[in-house]
Amino acid sequence: MRIAQQVATRSTCNRKHIGAVIVRDKTILSTGYNGSIRGLAHCDDLGHMMENGHCVRTVHAEANAIAQAAKNGVNVNQSEIYITASPCWTCFKLVANAGIIKVVYGEFYRDERIFEAAKQADIQLKHLELKPEII
């Protein structure tokens with residue numbers, strides 16, 4: 001989780017910095033942080049694109065970690081993901097369909113539907129209290 005916290009520092013949306021690390025057998029497979037679509041302006045540079053109280057300019061950290069793995073041909077099936085905040089509903093669906101079997105998250109983020117879906121999909125959800133970063 002400390003690595004996910006460090007990855008979050010690369011976020012380019014100053015509303016919330018989120019980091020994700022995908023791991024299997026104690027080996028890091030991929031990382032991601034919330035940021036704009038590759039090649040487009042970042043929130044920190046251009047401002048936020050708000051929709052229903054959410055910034056939609058950014059791609060979420062867990063989606064970016066899955067996309068990074070796919071771009072590099074890395075299989076994430078049967079892996080674990082560590083995220084500094086619990087996944088939103090859309091990202092939870094991506095995590096589940098990528099074959100990730102365990103989600104360890106820091107703070108809870110908005111969507112309680114993930115709890116029932118995780119039970120039904122046999123995906124382990126684990127809350128891990130975030131500790132302040134060590135510098």
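- Taking 4.5 Å as the limit, every side-chain heavy atom of Ser11 sits out of range of all side-chain heavy atoms of Ile18.
- In this structure, the side chains of Val103 and Val95 come closer than 4.5 Å at one or more pairs of heavy atoms.
- Put simply, CD1 on Ile28 and CZ on Arg24 are 13.0 Å apart, with the number rounded to the nearest 0.5 Å.
- Residue Met49 holds its CE atom at 8.0 Å from OG of Ser36, rounded to the nearest 0.5 Å.
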side-chain contact (heavy atoms from CB on, under 4.5 Å) evaluation trace for Cys43 with Thr12: CA-CA 6 Å; Cys43 296; Thr12 60; 6.0 Å; no
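- No close placement of the Phe92 and Phe115 rings is indicated, their centers lying 6.0 Å or farther apart.
- Other residues, nucleotides and ligands contribute more than 12 heavy atoms inside 6.0 Å of the CG atom of Asp45.
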side-chain contact (heavy atoms from CB on, under 4.5 Å) between Met50 and Arg15, intermediate numbers included: CA-CA 11 Å; Met50 299 302 292; Arg15 284 179 49 92; 3.4 Å; yes
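- Between Lys16 and Glu107, at least one side-chain nitrogen of the basic residue sits less than 4.0 Å from a carboxylate oxygen of the acidic one, meeting the salt-bridge criterion.
- By the rule that hydrophobic residues join a cluster once side-chain heavy atoms approach within less than 4.5 Å of another member, Val23 and Leu125 end up as members of separate clusters.
- Across Val7 and Gly19, no two heavy atoms sit closer than the pair CG1-CA, 4.2 Å.
- The heavy-atom pair separating Ile22 from Ser79 by the smallest distance is CG2-OG, 3.3 Å.
- Hydrophobic clustering of Ile, Leu, Val, Met, Phe, Trp and Tyr side chains at less than 4.5 Å, counting indirect connections, keeps Met1 apart from Ile83.
- Within 6.0 Å of the CD1 atom in Ile3, the count of heavy atoms belonging to other residues, nucleotides or ligands does not exceed 12.
- Dense packing is recorded around CZ of Arg110, with more than 12 heavy atoms of other residues, nucleotides or ligands lying under 6.0 Å away.
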Review item, side-chain donor-acceptor pairs of residues 58-74, under 3.5 Å, at least two apart:
unit_1	atom_1	unit_2	atom_2	d
Asn64	ND2	Tyr33	O	2.8
Asn64	ND2	Val59	O	3.3
Asn72	ND2	Gln68	O	3.1

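- When side chains are defined from C-beta on, Tyr109 does not count as touching Pro87, because their heavy atoms never get closer than 4.5 Å.
- Remark: aromatic rings of Tyr105 and His127 are close, center separation under 6.0 Å.
- Although no hydrogens or angles enter the test, the distance criterion places a donor-acceptor pair under 3.5 Å between the side chain of Asp44 and the main chain of Asn14.
- Judged purely by atom type and a 3.5 angstrom limit, Arg57 has no side-chain atom pairing as donor or acceptor with the backbone of His42.
- Within 6.0 Å of the CG atom in Asn77, the count of heavy atoms belonging to other residues, nucleotides or ligands exceeds 12.
- Residue Cys13 comes nearest to Asn34 through the heavy atom pair CB-ND2, 3.9 Å, listed as atom of the first residue, atom of the second, then distance.
- Side-chain heavy atoms closer than 4.5 Å link hydrophobic residues (I, L, V, M, F, W, Y) into clusters, and following such links, even through other members, never connects Leu29 to Ile101.
- One hydrophobic cluster holds both Leu130 and Val104 under the rule that ILVMFWY side chains link at heavy-atom gaps under 4.5 Å.
- Both Ile100 and Trp89 are members of a single hydrophobic cluster when ILVMFWY side chains are connected at heavy-atom separations under 4.5 Å.
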